[in-house]
Protein chains: 2
Amino acid sequence: MVHGHEAPRTSRQRILEAAYLVIERDGATGLTLDAVAAEAEVSKGGLLYHFPSKEALVSAMMVGLCEAFGAAASEAAEADPEPVGRTVRAYLAASAGEVGRSRRWLALVGALALYPELVDIWRADVLAGLVADEEEGIDPAAAAIVRLTADGLWLSGVLGLSEVVADVRPQVLKRLEEMSRSRS
Amino acid sequence: MVHGHEAPRTSRQRILEAAYLVIERDGATGLTLDAVAAEAEVSKGGLLYHFPSKEALVSAMMVGLCEAFGAAASEAAEADPEPVGRTVRAYLAASAGEVGRSRRWLALVGALALYPELVDIWRADVLAGLVADEEEGIDPAAAAIVRLTADGLWLSGVLGLSEVVADVRPQVLKRLEEMSRSRS
DNA sequence: ACTACTTTACCGGCTGGACGGTAAAGTAAC
DNA sequence: GTTACTTTACCGTCCAGCCGGTAAAGTAGT
């Protein structure tokens, strides 16, 4: 970490980043082992050394994105002084923020069609959020609506419908904020 | 058309139905021309006579689903005595109803990854809904939240996360109903 | 410090199967 | 005999995963 210290990126990291790049650029169907290997400047054999199958690669991508989302949410939660509904608001913030709007999701959802089991990674996170809500004593229905609306917003972004709802977006966000403060 | 009148289903219809069946059963990746042809008991050439490409087939599936959704929504709208927010409520009802929860969507979204342009079919419907809202004088933010939450609910179903939110579902629906009655 | 062996990391050609699509021939109704 | 529909047979491409090989970096016994 002294100066000049190039990222000592491992091959594995390089490959993962290349995979994100490829899927953003070429879509889910463009995500082939050859393409990723080329982008990462590794041979296909090398790629398969680090990720024994395509599914393993996609799984790692999924985990990576979920972690990034979780990190963004945690950050938002820590910065929030009000305990009630802190977790939902963090979820909302993360969804509305950079990670939530990343183009990476779009294609990755497409890739999910290939390996439906990978939704479980997601499911676990959703579950954890609901548990947190309950502990915070927030009105469960309100919390659910906030989360679901955030998901809907996310979806509209993924499907490229976000311009359609762009006008009301700020107001929606404000309303959800308010709802997140209602106790049960 | 006398009695006993089996569906005089055209080959085209048979093929479309077979396609839905296959995609429900085998997922987006299982939707191959061969599989659909086999299921419809037509030869592959026969299939391609009616749908000149796979994209044409998927497009027809998309249109069919959107029409079914639209029909369900229209029905709900007509049965609704209160004019304000009628369209949003219809949207909500359709989403929460049979068509909205159909497993067909699941895989079809996956197939969208193959032909991203097909989202436009969708987009048109979304736009039409927003226009209707405006004419009804409903609070736009409330309307948006209702719609987006419905989408979130739909998404949770598609991703198989619906059991997770099953408990709050009725309450959420009730709240949304209420919101749909707020004037602008 | 030299040798023998193992592990880690990586290369790249190959293959076998799947899949979208084509084309020509056949059938039957009108 | 022409139109509408259907079949059979085939082609070309793409791609995941496999596999034989290599080279450098440990590890350890002597």
Side-chain angles (χ1 to χ4, degrees), chain A residues 6-63 107-108 110-118, chain B residues 1 6-63 107-118:
Chain A
E6 273 309 85
R9 290 188 305 172
T10 65
S11 292
R12 206 190 127 93
Q13 279 175 308
R14 277 215 332 280
I15 293 170
L16 250 182
E17 282 166 34
Y20 286 124
L21 199 155
V22 168
I23 210 173
E24 280 176 46
R25 192 187 55 205
D26 306 331
T29 53
L31 188 79
T32 67
L33 297 186
D34 291 284
V36 174
E39 187 62 47
E41 289 176 318
V42 194
S43 69
K44 201 176 182 177
L47 192 164
L48 280 151
Y49 173 79
H50 292 286
F51 300 95
S53 70
K54 187 177 181 178
E55 176 164 6
L57 175 62
V58 176
S59 175
M61 292 172 76
M62 195 72 202
V63 170
L108 204 48
L112 270 181
L114 250 64
Y115 313 107
E117 326 86 65
L118 298 184
Chain B
M1 332 258 184
E6 273 309 84
R9 291 186 305 171
T10 64
S11 290
R12 205 191 129 93
Q13 278 176 310
R14 277 216 330 279
I15 293 169
L16 250 181
E17 283 166 33
Y20 285 126
L21 199 154
V22 168
I23 210 173
E24 281 176 46
R25 191 187 55 204
D26 306 330
T29 54
L31 188 79
T32 67
L33 297 185
D34 291 286
V36 174
E39 187 61 46
E41 290 176 318
V42 194
S43 67
K44 195 159 51 161
L47 192 166
L48 280 153
Y49 174 77
H50 293 285
F51 300 95
S53 70
K54 187 177 179 178
E55 177 164 6
L57 175 62
V58 175
S59 176
M61 293 172 76
M62 196 72 201
V63 170
L108 205 47
V109 170
L112 270 180
L114 248 63
Y115 312 107
E117 324 89 62
L118 297 185

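Lettering of chains follows the sequences in order, A, B, ..., and the numbering in each one begins at 1.
- C:dG17 atom P lies 15 Å from atom CG of B:D34, rounded to whole Å.
- Partners of A:E39 under the side-chain contact (heavy atoms from CB on, under 4.5 Å) rule, at least two apart in sequence or in another chain, are A:A18, A:L21, A:V22, A:R25.
- Looking at every heavy atom in both residues, B:A113 comes nearest to A:G110 through CB-CA, 3.7 Å.
- The side-chain hydrogen bond (donor to acceptor under 3.5 Å, both in side chains) pairs that include a residue from residues 41-63 of chain A are A:D34-A:K44, where partners are two or more places apart or lie in different chains.
- One interatomic measurement links the two molecules: CG of A:L33 to P of C:dC14, which rounds to 19 Å at whole-angstrom precision.
- Within the nucleic acid shown, B:L114 has no heavy atom closer than 4.0 Å to any nucleic acid atom.
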Begin with the C-alpha distance, continue with both residues' side-chain angles, and end with the deciding distance and a verdict on side-chain contact (heavy atoms from CB on, under 4.5 Å) for B:L48 and B:L33.
-> CA-CA 8 Å; B:L48 280 153; B:L33 297 185; 4.1 Å; yes
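- Scanning residues 19-27 of chain A for heavy-atom distances under 4.0 Å to DNA chain C yields an empty list.
- Of the residues in residues 39-59 of chain B, those placing a heavy atom less than 4.0 Å from an atom of DNA chain D are B:V42, B:S43, B:G45, B:G46, B:Y49, B:H50, in numerical order.
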Is there any protein nitrogen or oxygen under 3.5 Å from a nitrogen or oxygen in nucleotides 26-30 of chain C, and what are the pairs?
none

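- Among all heavy-atom pairs drawn from B:V36 and B:I15, the shortest one is CG1-O, 3.8 Å.
- Rounded to an integer number of Å, the gap from OH of B:Y115 to P of C:dC19 is 12 Å.
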Please list, pair by pair, any protein nitrogen or oxygen found under 3.5 Å from a nitrogen or oxygen in nucleotides 20-24 of chain D.
none

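- Of all heavy-atom pairs between A:T29 and A:T32, the closest is O-CG2, 4.1 Å.
- Scanning for side-chain contact (heavy atoms from CB on, under 4.5 Å) contacts around A:A60 gives A:R12, A:L16, A:F51, with sequence neighbours left out.
- The main-chain N or O of A:T10 is found under 3.5 Å from a side-chain atom of A:Q13 such that the two form a donor-acceptor pair.
- Between B:T32 and C:dA18 there is no side-chain polar atom (N or O) within less than 4.0 angstrom of OP1 or OP2.
- Scored by the side-chain contact (heavy atoms from CB on, under 4.5 Å) test, A:A111 finds A:I23, A:V58, A:L108 as partners (sequence neighbours excluded).
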